[in-house]
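Taking it in order: structure first as structure tokens, then the write-up.
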There are 2 protein chains.
Amino acid sequence: MLSKRTKYGLKALAALARTNSRTPLQSSTIARDEGISVKFLESIMLNLRKAGYLGAKKGKGGGYYLMQDPKDIPLTDIIRLLEGPIALVPCVSLNYYEPCDDCRSEESCSIHRVMLKVRDSMLDVFRTHTVADLI
Amino acid sequence: MLSKRTKYGLKALAALARTNSRTPLQSSTIARDEGISVKFLESIMLNLRKAGYLGAKKGKGGGYYLMQDPKDIPLTDIIRLLEGPIALVPCVSLNYYEPCDDCRSEESCSIHRVMLKVRDSMLDVFRTHTVADLI
DNA sequence: CATTTAACCTATCGACTTAATAGGAAATAC
DNA sequence: GTATTTCCTATTAAGTCGATAGGTTAAATG
């Protein structure tokens with residue numbers, strides 16, 4: 001299950017991608033439109049901005065705007081940023097690899113191979129879809 | 001990420017599938033071999049037995065054994081039993097459907113369509129692989 | 001029949017995570 | 001200089017998860 005953090009982040013990006021106007025969108029209006037806690041969304045937006053996906057403008061008429069074309073933001077990037085590993089087991093994660101503490105070796109682990117396949121099939125979807133596909 | 005409950009359950013099933021002998025396997029030996037807490041594994045085995053995947057025999061020489069051919073146990077079944085929904089969002093789950101509390105409608109939800117694709121691609125792997133593939 | 005073995009059952013606990021909340025500081029527009 | 005909006009830190013309530021404890025029940029064995 002995806003965390004609400006990730007879910008909200010994706011929805012916020014989609015909202016920003018939908019408004020192709022130049023004026024920034026405020027986190028409070030996004031929160032209202034999407035049914036998200038304002039403060040919680042704020043922290044997510046901050047996260048996305050620090051990672052370079054969003055720009056921000058303070059004060060009246062301020063808000064957030066996309067720094068890149070939605071087509072150029074694959075979902076893998078956002079999910080890895082907000083959610084963490086995509087893999088179902090740490091030992092098959094590309095970006096968050098960790099050895100499993102219960103396995104003596106990965107070759108002897110019975111679920112390793114299948115989990116690799118699952119990871120690849122999930123990656124296939126997340127890599128080939130971008131924020132633009134959320135519109 | 002898969003819960004340890006599911007992970008351990010799959011590994012235990014794999015261990016049972018590997019021993020094609022008629023003598024049952026005890027949860028304590030599986031726990032030792034796989035590096036799992038004995039008591040925790042016990043509760044998982046009980047779960048698998050009640051669902052009909054395992055048979056159990058008490059007393060000396062007792063233990064657990066598979067009730068079906070490993071080839072006939074798709075991983076979807078085990079994961080749904082031990083983990084719950086496979087989908088990343090409740091509103092695209094086949095067996096554990098729930099409407100998302102933040103979405104006003106599923107058509108208007110920006111991530112709905114992509115999450116459907118992810119679910120299908122995960123299901124594709126889990127449905128076409130069985131416990132026999134874990135050996 | 002007594003003893004051992006291993007499954008079965010219930011309850012509880014500590015650690016961790018998550019989503020949300022609170023309260024303000026810093027910057028910008030007017 | 002006032003209103004607005006982002007930015008930052010801290011805290012908390014609730015929930016989950018893995019593990020542990022302490023037994024009861026059923027079966028095999030001598």
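Computed from a predicted structure; not experimentally measured. Only this structure's heavy atoms are used, side chains among them; waters, hydrogens and symmetry mates stay out.
You'll find that the side chain of A:Phe40 is closest to C:dA19, out of D:dT5, D:dG18, C:dA19. Nearest to the side-chain atoms of B:Lys58 among the listed nucleotides C:dT21, C:dA27, D:dT25 stands D:dT25. The side chain of B:Lys39 approaches D:dT20 more closely than any other nucleotide in the set D:dT6, C:dA20, D:dT20. In this structure, the nucleotide among D:dA21, C:dT21, D:dA19 sitting nearest to the side chain of B:Tyr8 is D:dA19.
For A:Ser27, a side-chain nitrogen or oxygen approaches OP1 or OP2 of D:dT6 to under 4.0 Å. Distances shorter than 4.0 Å separate some side-chain N or O of B:Lys57 from OP1 or OP2 on D:dA28. Neither OP1 nor OP2 of D:dC17 sits under 4.0 Å from any side-chain N or O of B:Arg5. Regarding contacts with the backbone of C:dT21, a side-chain N or O of A:Ser37 is found under 4.0 angstrom from either OP1 or OP2.
A donor-acceptor pair is defined here as one N or O able to donate and one able to accept, closer than 3.5 Å; no such pair exists between the side chain of B:Arg119 and the backbone of B:Ala87. Looking only at distances, no side-chain donor or acceptor of A:Glu34 sits under 3.5 Å from a matching main-chain atom of B:Asp102. The backbone N or O of B:Val118 sits less than 3.5 Å from a side-chain atom of B:Ser121, completing a donor-acceptor pair.
Ranked by how close their nearest DNA chain C nucleotide is to the 5' end, B:Lys50 and B:Gly59 are led by B:Gly59. Comparing B:Lys60 and A:Thr6 by the nucleotide of DNA chain C whose heavy atom lies nearest to each, the residue mapping closer to the 5' end is B:Lys60.
Nucleic acid contact for B:Ser28: none, since no nucleic acid atom lies under 4.0 Å from a heavy atom of the residue.
Connection of A:Met122 to B:Met1 is not established within any shared hydrophobic cluster, with ILVMFWY side chains joined at heavy-atom distances below 4.5 Å, either directly or through further cluster members.
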